[in-house]
Student: 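Have a look at the structure that comes next, please.
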Amino acid sequence: MSQPEQKGTGRDSENQPRDVSVNPRAVCHVCKRLYRDPRILPCLHTFCSDCISQLEPFSLSVRSRRRCPAEEDGGGGEAAGRAGVTVTVLCPDCDSEVDIPPSGPAGLSTDHLALDEVFLETLVTAGPLGCDLCGEGAAERRCEVCCVNLCEFCCQAHRRQRRTATHSVQGLGELKLGGQLCRPVLCSAHPGQELRLFCQSCDLSVCLECAATLHRDHHCCPAHDVIHRHGDRIRELVTVHLRPRLERMEETLKKVDVSQDALQAGVDSAASEVRAFARGYACAVEAHCLSLLRRLEEIRVQRRNHLHLQRAQLQQALLDVQGGVEFAERLLSCGSDAKILSTKGVTLKRLTALVESSYDPRPAAVALEAPGGGTIVSFLPKESAGEVEGYPVFGVINSKTVDVSRCTIKGEGVRRATEGQRGHFTLLCRDSSGEQMARGGEHVLVSIVHKEKKNCMVETTVADNSDGSYGVSYTPEEAGTYSVWVCVKTQHVKGSPFTLTVRKKFRRHGGTFHCCSFCSSGGDKEARCGCPGTMPGGFKGCGHAHKGHPGKPHWSCCGSTVEASECLPHSVLAAVSPHAHLRTVEL
């Protein structure tokens, strides 16, 4: 944007009457005036360059600048590779964290659509426009190249100068009657040159002089040859991904509102039933009625806060997607090829981020629907609620909360286990009606302690299955009798503490059940046997009818003659002497 254009828009914004209806697309949301040098933030919201520079920094980070091919060809100097400070600010519209490039707001993309709106607004505003050059006469014409309003005298002088003689000058009256504006996008480095080419090497819109100098070795082509590729990408993101998601978010937001009304209606209906039921009782029943109402209020506040949180998240996500979709659709419908290409980088980046990280409302919509189409809170008048002041009372609030007295244990792992092997059992959390809870999140505590050795504890792992069941696993390292404590919300479940018996681990044989080591090894002299038998001739194992042979089949690992038995421990094997005498040892 050229310097004269900045002056023109600033003067127009200052002269804009406060009581005249102004096009909101031409007004900055921060300064409440017509845009002056409008720049696009990464979140696709537009503000004046000065307003962006005055935003309070959210964070600062030092990042190195990457030199583009144009800077290399044009000799951008050492400043192009220096490290710059990237400032992160909060967008005044959506509170998103956006990064300002090291070069400041000038490094952001210019919103040419906003400039069109500002220029059109200055034309249709009531009252004469002053000349931007002399400041004395009334402006009658406007130079499209210099973007300045000219009186008749300055217009003639503008045409007599060699540098501006070829500029296109139109009458302000014709522009006002037209109602539409299509301004060319001019090159900032070469005033008067329109951005008609696109450098694919630098991914940048350029003019004819830029293509002939700074980008002479790059692949530059007319803008209308590449607009279909970049425009179709933006159109695909909006039409295929973001527009359907926007509709789903709007539907889910409506469901949140309906759920809030249903929640309040269900609470009001249950409260009316509670009051009607409690009128037939005396003081005890009235006290019970008040306790039920307090419980209803607690549930209402808890559920309302949850719905408010979901509503706030949905509204923020909806605003983000709406802003991106509106900007992209307006860019595609109102912008020229050069305008689309000049802003396609920030637009594609924002739309892609919305596609990848937008809030998906489908899981929330499922969670908002009450099971079976019933109310979220209900009153059960025939359910016994115990006694109040000695009087039996009935009526409970059904809000699907866990009832510790109804929780059960499933699995043999809570009663029996084997030393060194993993044990497992399942805790089933149920509500007051005995039905299994459909969600998890309960505070479950399981402790396994040896009954005789109080310092001997078994580490447990509790897995929440998110369906009201909790898997408990453990591995005991020592045999004996243990106490298993299972608590939900710091309260013991029915039957807790349980008695767990851990048996010793069964020792499996590691050898073969053979008649002798000579036969099982094929006559190998080095083959040994767990029995004390030996053979003459240098054999280290046993043989038939030789000294120490048990006279029957036996295990080679421990010498046991019972096939279905446990392997003898090493202490027993060590007690067997080479002379086949068994010493007495403590087993």
Student: Spell out, as yes or no, whether a donor-acceptor pair under 3.5 Å connects the side chain of E442 to the backbone of K489.
Tutor: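 No; zero donor-acceptor contacts below 3.5 Å.
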Student: For a 4.5 angstrom cut-off between non-hydrogen side-chain atoms, does V118 reach R33?
Tutor: no
Student: Do H230 and R233 come within less than 4.5 Å of each other through their side chains, counting heavy atoms only?
Tutor: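 Not in contact.
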Student: CG/D403 to CZ/R430 distance, rounded to the nearest 0.5 angstrom?
Tutor: 11.5 Å
Student: How long is the gap from CG on D257 to CG on L314, to the nearest 0.5 Å?
Tutor: 9.5 Å
Student: Minimum heavy-atom separation for K451 to S483, with atom names?
Tutor: CE-OG, 3.2 Å
Student: Going through the distances and angles, do Q322 and L246 end up as a side-chain contact (heavy atoms from CB on, under 4.5 Å)?
Tutor: CA-CA 7 Å; Q322 276 182 339; L246 179 63; 3.6 Å; yes
Student: Can you check whether L263's main-chain N or O pairs, donor with acceptor, with R300's side chain at less than 3.5 Å?
Tutor: no
Student: For V502 versus E478, what's the shortest heavy-atom pair and its separation?
Tutor: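 Where V502 meets E478 most closely, the heavy atoms are CG1-O, 3.6 Å.
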Student: Go through the steps to decide whether V486 and Y470 satisfy the test side-chain contact (heavy atoms from CB on, under 4.5 Å), and finish with yes or no.
Tutor: CA-CA 11 Å; V486 182; Y470 300 82; over 6 Å; no
Student: For residues 40-50, tabulate all N or O donor-acceptor pairs below 3.5 Å that involve a side-chain atom, not counting sequence neighbours.
Tutor:
residue	atom	partner	partner atom	Å
T46	OG1	D111	OD2	2.6

Student: Report yes if some heavy atom in the side chain of L445 is under 4.5 Å from a heavy atom in the side chain of T490; otherwise report no.
Tutor: no
Student: Please determine whether side-chain contact (heavy atoms from CB on, under 4.5 Å) holds for the pair R235 and D232, giving the CA-CA distance in whole Å, both sets of side-chain angles, and the decisive distance to 0.1 Å.
Tutor: CA-CA 5 Å; R235 189 175 293 102; D232 290 347; 2.9 Å; yes
Student: What I'd like to find out is whether the side chain of L90 reaches to under 4.5 Å of the side chain of L55, using heavy atoms alone.
Tutor: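 Contact flag for L90/L55 side chains = no.
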Student: Heavy atoms only: give me the nearest V402-C407 pair and the separation to one decimal.
Tutor: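 Reported closest heavy-atom pair: CG2-SG, 3.7 Å.
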Student: Using side-chain heavy atoms (C-beta onward) and a distance below 4.5 Å, is E250 in contact with L318?
Tutor: yes
Student: What's the verdict on salt bridge (charged side-chain N to carboxylate O under 4.0 Å, His left out) for R294 and E297, showing C-alpha distance, side-chain angles and the deciding distance?
Tutor: CA-CA 5 Å; R294 284 193 297 268; E297 181 62 18; over 6 Å; no
Student: Is K254 paired with E251 through a side-chain N to carboxylate O contact shorter than 4.0 Å?
Tutor: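 No.
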Student: Donor-acceptor check, side chain of S269 to backbone of A265, threshold 3.5 angstrom: yes or no?
Tutor: no
Student: Return the set of residues passing ring pair (Phe, Tyr, Trp, His ring centres under 6.0 Å) with H241 (not counting sequence neighbours), or none when no residue passes.
Tutor: none
Student: For the pair S342 (side chain) and K339 (backbone), establish whether a donor and an acceptor sit closer than 3.5 Å, ignoring hydrogens and angles.
Tutor: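 Between the backbone of K339 and the side chain of S342 there is a qualifying donor-acceptor contact (under 3.5 Å).
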Student: Return a table of donor-acceptor pairs under 3.5 angstrom between the side chains of residues 412-425 and protein atoms on other chains or two or more places apart.
Tutor:
residue	atom	partner	partner atom	Å
E412	OE1	R416	NH2	2.4
T418	OG1	R503	NH2	3.4
R422	NH2	S473	OG	2.8

Student: Rounded to the nearest 0.5 Å, what separation is found between the CG atom of L34 and the CD atom of E117?
Tutor: 11.0 Å
Student: Run the side-chain contact (heavy atoms from CB on, under 4.5 Å) test on R311 and L307 for me, step by step, so that the C-alpha distance in whole Å, both residues' side-chain angles and the decisive distance to 0.1 Å come before the verdict.
Tutor: CA-CA 6 Å; R311 178 182 176 83; L307 290 173; over 6 Å; no
Student: Hey, are the side chains of Q264 and Q260 touching, using non-hydrogen atoms and a 4.5 Å cut-off?
Tutor: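 Of all side-chain heavy-atom pairs linking Q260 with Q264, none is under 4.5 Å.
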Student: Does the side chain of L253 reach to within under 4.5 Å of the side chain of Q315, using non-hydrogen atoms?
Tutor: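 Result yes, sub-4.5 Å side-chain heavy-atom pair found.
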Student: Where do T343 and V346 come nearest, in terms of heavy atoms and distance?
Tutor: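 Taking T343 first and V346 second, the nearest heavy atoms are O-CG1, 3.4 Å.
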Student: To the closest 0.5 Å, what do you measure between CD (E329) and CD1 (I234)?
Tutor: 12.0 Å
Student: Can any side-chain N or O of D467 pair as donor or acceptor with the backbone N or O of S469 at less than 3.5 Å?
Tutor: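 Side chain of D467 to backbone of S469, a donor-acceptor pair under 3.5 Å: yes, one is there.
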Student: Does any non-hydrogen side-chain atom of K255 lie less than 4.5 Å from one of Q310?
Tutor: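 They are not in side-chain contact.
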Student: Looking at every heavy atom in both T88 and E97, which two are closest together, and how far apart are they?
Tutor: CG2-CB, 4.0 Å
Student: I need the minimum non-hydrogen distance between M457 and S447, along with the two atoms involved.
Tutor: CE-OG, 3.8 Å
Student: Return the NZ to OG distance between K344 and S109, rounded to the nearest 0.5 Å.
Tutor: 10.5 Å
Student: Out of curiosity, L428 CG to R406 CZ, how far, rounded to the nearest 0.5 Å?
Tutor: 14.0 Å
